[in-house]
Amino acid sequence: LLFLSTLVMFSSCREAPQMKISIEGSTSMQKMMQEMADAFTECHTNITAEYTGNGSSAGIRAVIAGSADLGAVSRVVREEELNQGLQAIHIAWDAIAVIVHPSNSVDELTSEQVAAIYRKEITNWSEVGGPDAQIVVITRDPASGTREAFDAIFGIRNEVQADQEASKTGETLIAVAQNPNAIGYISLNYVRRGVKALRIDGAAPSYENVISGSYGIRRPLMIVARPDPSELVQEFIDFMFSDEGREIIRREAIPVERIR
């Protein structure tokens with residue numbers, strides 16, 4: 001009887017097998033998704049979760065190839081991508097901020113002016129009320145979800161004439177902070193000291209203005225997965241829509257209601 005009791009006790013105390021969730025994708029979503037992974041693994045001590053910020057398109061390709069369980073995508077997922085065996089789950093809205101150096105006297109641009117700057121139709125800050133200086137145009141690399149969303153919003157896809165391409169959000173921040181004549185764009189939650197976010201069409205980039213509709217430079221934040229994810233991956237997806245998960249999203253973006 002003692003032996004059986006000991007055996008039962010031993011069986012109930014065995015650690016669950018170690019498991020891992022692999023997530024790849026948007027550098028704009030990296031902070032939010034890492035916090036989500038940390039919160040999830042905190043109450044699942046047998047699970048590890050790794051996030052690789054290598055761009056939205058790279059995250060999609062990784063899920064298609066089977067090298068990642070989830071992809072974080074900061075743009076609309078295209079039909080041809082979904083047709084490769086994916087489901088796309090909308091988790092939040094995010095604003096894109098157009099940024100310049102704090103010393104730049106320009107505080108506001110119209111959508112038309114932003115598009116013209118990125119097409120190199122406007123090349124000097126004096127043309128938009130700023131100093132007499134050549135505009136240094138900084139964009140993101142082609143794999144970036146932020147770039148794809150930005151180009152689509154301003155109608156400049158395949159028309160951008162940039163001086164520099166940044167592979168990550170942090171590179172854009174550094175490039176603009178170090179160059180008084182630069183212009184770039186980043187996710188609103190990454191705006192920091194050292195750069196200035198411009199008003200666009202009269203509206204300041206803020207989550208309140210995104211919700212009200214007055215600031216229209218927004219894009220969806222998505223998660224992509226296989227249509228039939230494992231129980232573990234599905235549990236992580238469910239966690240993102242829990243009260244705790246939504247609170248994590250709310251620190252960086254605007255959470256949305258789950259669509260079943």
Side-chain angles (χ1 to χ4, degrees), residues 26-28 55-57 74-76 78 93-221 253:
S26 168
T27 60
S28 299
S56 295
S57 296
S74 56
R75 60 168 172 80
V76 174
R78 295 190 292 268
W93 287 107
D94 178 40
I96 297 176
V98 180
I99 58 172
V100 296
H101 193 274
S103 66
N104 194 321
S105 59
V106 173
D107 294 318
E108 178 178 349
L109 292 171
T110 66
S111 294
E112 290 75 17
Q113 287 172 327
V114 174
I117 287 170
Y118 272 82
R119 291 191 188 104
K120 289 284 190 178
E121 296 167 354
I122 293 175
T123 60
N124 194 293
W125 282 113
S126 63
E127 298 176 66
V128 290
D132 182 15
Q134 289 293 115
I135 301 173
V136 178
V137 176
I138 299 170
T139 192
R140 287 291 308 279
D141 63 287
S144 163
T146 307
R147 175 174 178 170
E148 181 150 340
F150 183 86
D151 290 359
I153 289 166
F154 288 101
I156 54 174
R157 188 172 289 154
N158 300 322
E159 299 176 4
V160 172
Q161 302 292 318
D163 298 295
Q164 296 179 36
E165 274 191 4
S167 63
K168 295 182 182 294
T169 300
E171 289 182 18
T172 304
L173 274 170
I174 292 170
V176 174
Q178 292 179 345
N179 192 327
N181 302 321
I183 187 171
Y185 54 88
I186 57 174
S187 176
L188 177 58
N189 65 295
Y190 278 90
V191 174
R192 301 287 187 271
R193 287 183 62 185
V195 299
K196 178 173 68 174
L198 300 180
R199 293 191 302 274
I200 304 297
D201 298 325
S206 70
Y207 291 127
E208 293 78 14
N209 287 342
V210 170
I211 293 170
S212 71
S214 60
Y215 189 82
I217 318 304
R218 70 172 192 174
R219 39 78 180 275
L221 301 184

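Just so you know, residue 1 is the first one in the sequence shown, and it goes up from there. All values below come from the heavy atoms of this structure, side chains included, with hydrogens, waters and symmetry mates left out. Just so it is clear, the model here is predicted, and its values are computed rather than measured.
By the 4.5 Å heavy-atom criterion applied to side chains, I135 and N181 are not counted as neighbours. Looking at heavy atoms from C-beta onward, T123 lies out of side-chain contact with V137 at the 4.5 angstrom threshold. Residues I96 and I186 are not in side-chain contact: their nearest non-hydrogen atoms beyond the backbone lie 4.5 Å or more apart. No side-chain heavy atom of V100 sits less than 4.5 Å from a side-chain heavy atom of V195. Residues P131 and S126 are not in side-chain contact: their nearest non-hydrogen atoms beyond the backbone lie 4.5 Å or more apart. With contacts defined as side-chain heavy-atom distances shorter than 4.5 Å, the pair V136/Q164 qualifies. Within the 4.5 Å cutoff, the side chain of S28 has no heavy atoms near those of the K168 side chain. Residues I217 and V98 are not in side-chain contact: their nearest non-hydrogen atoms beyond the backbone lie 4.5 Å or more apart.
Here the straight-line distance linking atom OG of S167 with atom CG of D141 works out to 6.0 Å at 0.5 Å rounding. Residue E121 holds its CD atom at 10.0 Å from CD1 of I156, rounded to the nearest 0.5 Å. Between R147 atom CZ and T172 atom OG1 the span is 11.0 Å, to the nearest 0.5 Å. How far CD1 of I174 is from OG1 of T169: 11.0 Å, rounded to the nearest 0.5 Å. A distance of 11.5 Å separates CD1 in I117 from CD in E112, rounded to the nearest 0.5 Å.
Of all heavy-atom pairs between I99 and A197, the closest is CG2-CA, 4.2 Å. Nearest approach of P142 to E165, heavy atoms of both residues: CD-OE1, 3.7 Å. The shortest non-hydrogen separation linking H101 to A177 is CD2-O, 3.2 Å. Counting all heavy atoms, side chain and backbone alike, V176 lies closest to G184 at CG2-N, 3.9 Å. Taking each heavy atom of L188 and S206 in turn, the nearest pair found is CD2-CA, 3.7 Å. Minimum heavy-atom separation, V191 to A97: CG2-CB, 3.8 Å.
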(request) Just do the side-chain contact (heavy atoms from CB on, under 4.5 Å) check on R219 and E148 with the steps written out, would you? (result) CA-CA 10 Å; R219 39 78 180 275; E148 181 150 340; over 6 Å; no
(request) Could you give me the CA-CA distance, side-chain angles and deciding distance for D132 and W125, then say whether side-chain contact (heavy atoms from CB on, under 4.5 Å) is met? (result) CA-CA 6 Å; D132 182 15; W125 282 113; over 6 Å; no
(message) Walk me through whether I183 and I138 qualify under side-chain contact (heavy atoms from CB on, under 4.5 Å).
(response) CA-CA 6 Å; I183 187 171; I138 299 170; over 6 Å; no
(message) E108 vs L198, test: side-chain contact (heavy atoms from CB on, under 4.5 Å). Steps then yes/no.
(response) CA-CA 5 Å; E108 178 178 349; L198 300 180; 5.9 Å; no
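Checking T146 against R75 by side-chain atom types alone, no donor-acceptor pair falls below 3.5 Å.
Among residue pairs with one or both ends in residues 179-196, those qualifying as salt bridge (charged side-chain N to carboxylate O under 4.0 Å, His left out) are D107-K196; sequence neighbours excluded.
By the ring pair (Phe, Tyr, Trp, His ring centres under 6.0 Å) test, F154 is found to be paired with F150, residues two or more places apart in sequence or in another chain being considered. Here D201 pairs with nothing under the salt bridge (Lys or Arg N to Asp or Glu O under 4.0 Å) rule; sequence neighbours left out.
Proximity of a side-chain donor or acceptor of D94 to a complementary backbone N or O of L221 within less than 3.5 Å is not detected. The closest donor-acceptor contact from the side chain of Q178 to the backbone of A175 lies at 3.5 Å or more, if one exists at all.
Tested against S26 for a side chain to side chain donor-acceptor pair (under 3.5 Å), the candidates S187, S144, S74, S57 yield a single pass: S74.
Aromatic rings of Y185 and Y118 (six-membered ring for Trp) have centroids within the 6.0 Å cut-off, being under it.
Salt-bridge check for D163 with K120: passed, with a basic side-chain N closer than 4.0 Å to an acidic carboxylate O. A salt bridge does not link R140 with E171: every distance from a Lys NZ or Arg NE/NH1/NH2 to an Asp or Glu carboxylate oxygen is 4.0 Å or more.
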